[in-house]
Protein chains: 2
Amino acid sequence: MRSTANYLPAEERREATVEAVIELAAHANPGDITTTAIAVKMGLTQGALFRHFPTKDSILEAVVDWVVERLMSRVQEAAVAASSPMAALELVFLAHIDFVVAHPGVPRIIFGQLQHAEQTAAKRAVQAMLRRYGQRIAELLAQGQQSGEVDKQLEVDAAATLFIGTIQGLVMQSLIHGDVQRIRADAPRVFRIYSRGIECAQ
Amino acid sequence: MRSTANYLPAEERREATVEAVIELAAHANPGDITTTAIAVKMGLTQGALFRHFPTKDSILEAVVDWVVERLMSRVQEAAVAASSPMAALELVFLAHIDFVVAHPGVPRIIFGQLQHAEQTAAKRAVQAMLRRYGQRIAELLAQGQQSGEVDKQLEVDAAATLFIGTIQGLVMQSLIHGDVQRIRADAPRVFRIYSRGIECAQ
DNA sequence: GAAGTAAGTGAGTGATTACTAACTTTTATT
DNA sequence: AATAAAAGTTAGTAATCACTCACTTACTTC
């Protein structure tokens with residue numbers, strides 16, 4: 001329950017707001033997070049928030065933008081650092097899991113946005129990110145096919161869907177058992193099964 | 001937009017309420033479904049709902065109970081009908097996907113319940129169902145190991161987690177693309193990769 | 001067909017919510 | 001140090017929500 005110093009410059013206040021929402025989402029239903037709760041978390045009054053954001057939706061939009069930027073750059077770094085396509089997939093997977101464990105509120109916000117009926121800017125950003133993410137995974141898989149690591153007959157799109165589902169399954173487990181740390185131990189074991197499903201038969 | 005006949009007996013009204021919620025959840029965020037929306041969907045006034053349910057939460061509880069009963073019995077049937085553990089897993093998977101396509105609101109309600117911070121009766125029921133589901137899958141996997149279909153070195157718990165994640169990944173795809181039917185075509189291809197990951201090497 | 005009961009209506013109520021605006025306090029500038 | 005601009009406070013408002021209750025309508029049973 002960190003209380004930020006008063007009278008922050010606008011840019012920093014916006015950043016602090018985003019972080020407050022992400023921290024709150026770790027233990028609360030994203031849809032139920034009120035502007036009052038966000039303000040209290042920051043040691044601020046509710047009205048102050050609206051000096052920096054015109055609407056509550058715009059706060060969530062900023063949160064999603066924050067997530068997209070951080071997550072995608074982490075994933076990109078992991079992919080570049082790897083020595084082979086298969087190694088890249090594993091690094092991306094583990095980087096993603098690390099990110100989720102560090103920010104447990106993130107997958108809940110992402111999924112919460114996808115649930116919305118209306119096409120808000122935040123929802124569109126989430127959809128765009130997930131599409132891009134899927135394409136990136138599909139590229140790595142295709143490269144793996146060329147390098148001989150990945151089965152040539154693999155249906156790349158289906159495998160990319162399963163990649164995301166693998167992570168989503170772990171997140172669900174953490175929600176079932178109410179324990180995020182669990183994911184870290186389960187992740188490598190689950191990924192091993194996934195990689196066995198896509199690898200080239202020896 | 002079906003409007004149910006007026007003056008239903010209590011039991012049927014409760015049933016109709018549950019179905020109305022599930023239909024609404026196909027196109028709306030479950031958390032945002034109001035009692036007014038439910039009543040309108042049924043061609044009823046809002047007050048009438050509270051003749052049959054003491055609180056809104058109790059409505060969601062009834063919905064979850066409905067889902068648990070239907071889904072688990074479908075899964076059980078599929079498992080029994082199969083000729084081998086591996087065939088059972090595939091039948092269970094496809095039965096589950098069929099259920100989701102027939103009732104697209106269901107996974108959204110399930111996940112929405114998991115998101116809640118408080119331990120409501122509905123959330124507990126969802127957690128219990130998913131645990132039972134996971135155990136059932138783990139049993140089938142263990143039987144597969146004995147029958148020689150499934151790799152003996154497979155980590156059964158991780159494989160059960162991945163099984164659920166596989167379905168969850170497909171659901172996410174449908175939310176990204178806004179098209180539930182898609183799932184049906186993708187399901188067999190995704191399952192093929194999963195089964196390759198757990199099968200005994202030939 | 002009269003009487004009793006179950007189901008539905010309609011007009012509320014209080015609580016909560018996002019958002020506003022007049023005012024105060026802090027920070028930055030000269 | 002004086003002043004302007006930025007950031008925060010306080011006390012609202014209108015809208016929405018779950019829930020209530022006195023009353024009305026339909027069904028059931030003898």
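From a predicted model like this one, the values you see are computed outputs, not experimental measurements. Here is the naming used below: chain letters follow the sequence lines, and residue numbers restart at 1 for every chain.
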Sub-3.5 Å pairs of nitrogen or oxygen atoms, protein against nucleotides 10-14 of chain D:
none

Atom pairs and distances, donor-acceptor, side-chain atoms in residues 91-104 of chain A, under 3.5 Å, two or more places apart:
| from | atom 1 | to | atom 2 | distance (Å) |
| --- | --- | --- | --- | --- |
| A/His96 | ND1 | A/Tyr133 | OH | 2.7 |
| A/Asp98 | OD1 | A/Arg184 | NH2 | 3.2 |

Side-chain polar contacts of residues 58-69 of chain A - donor-acceptor pairs under 3.5 angstrom, sequence neighbours left out - could you list them?
| from | atom 1 | to | atom 2 | distance (Å) |
| --- | --- | --- | --- | --- |
| A/Ser58 | OG | A/Thr55 | N | 3.4 |
| A/Ser58 | OG | A/Thr55 | O | 2.6 |

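Taking each heavy atom of B/Arg108 and B/Asn29 in turn, the nearest pair found is NH2-N, 4.3 Å.
Although no hydrogens or angles enter the test, the distance criterion places a donor-acceptor pair under 3.5 Å between the side chain of B/Gln127 and the main chain of A/Ile176. Remark: the backbone N or O of B/Gln145 is paired with a side-chain donor or acceptor of B/Lys152 at under 3.5 angstrom.
Between B/Arg14 atom CZ and C/dA7 atom C1' the separation is 15 Å, expressed in whole Å. In this structure, B/Leu8 atom CG and C/dT5 atom P are separated by 22 Å, rounded to whole Å.
Between the side chains of A/Ser84 and A/Glu149, a donor-acceptor pair is found at a separation under 3.5 Å.
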**OP:** Classify every nucleotide of nucleotides 24-30 of chain D by which part a protein heavy atom approaches to under 4.0 Å, writing B for the base, S for the sugar-phosphate alone and - for neither, in 5'-to-3' order.
**Re:** -BS----
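Near DNA chain C, meaning a heavy atom under 4.0 Å from it, residues 49-61 of chain B has B/Arg51, B/His52 in order of number.
Scored by the side chain to side chain donor-acceptor pair (under 3.5 Å) test, B/Arg192 finds A/Glu155 as partners (sequence neighbours excluded).
Taking the side chain as every heavy atom from C-beta outward, A/His116 and B/Asp32 approach each other to under 4.5 Å.
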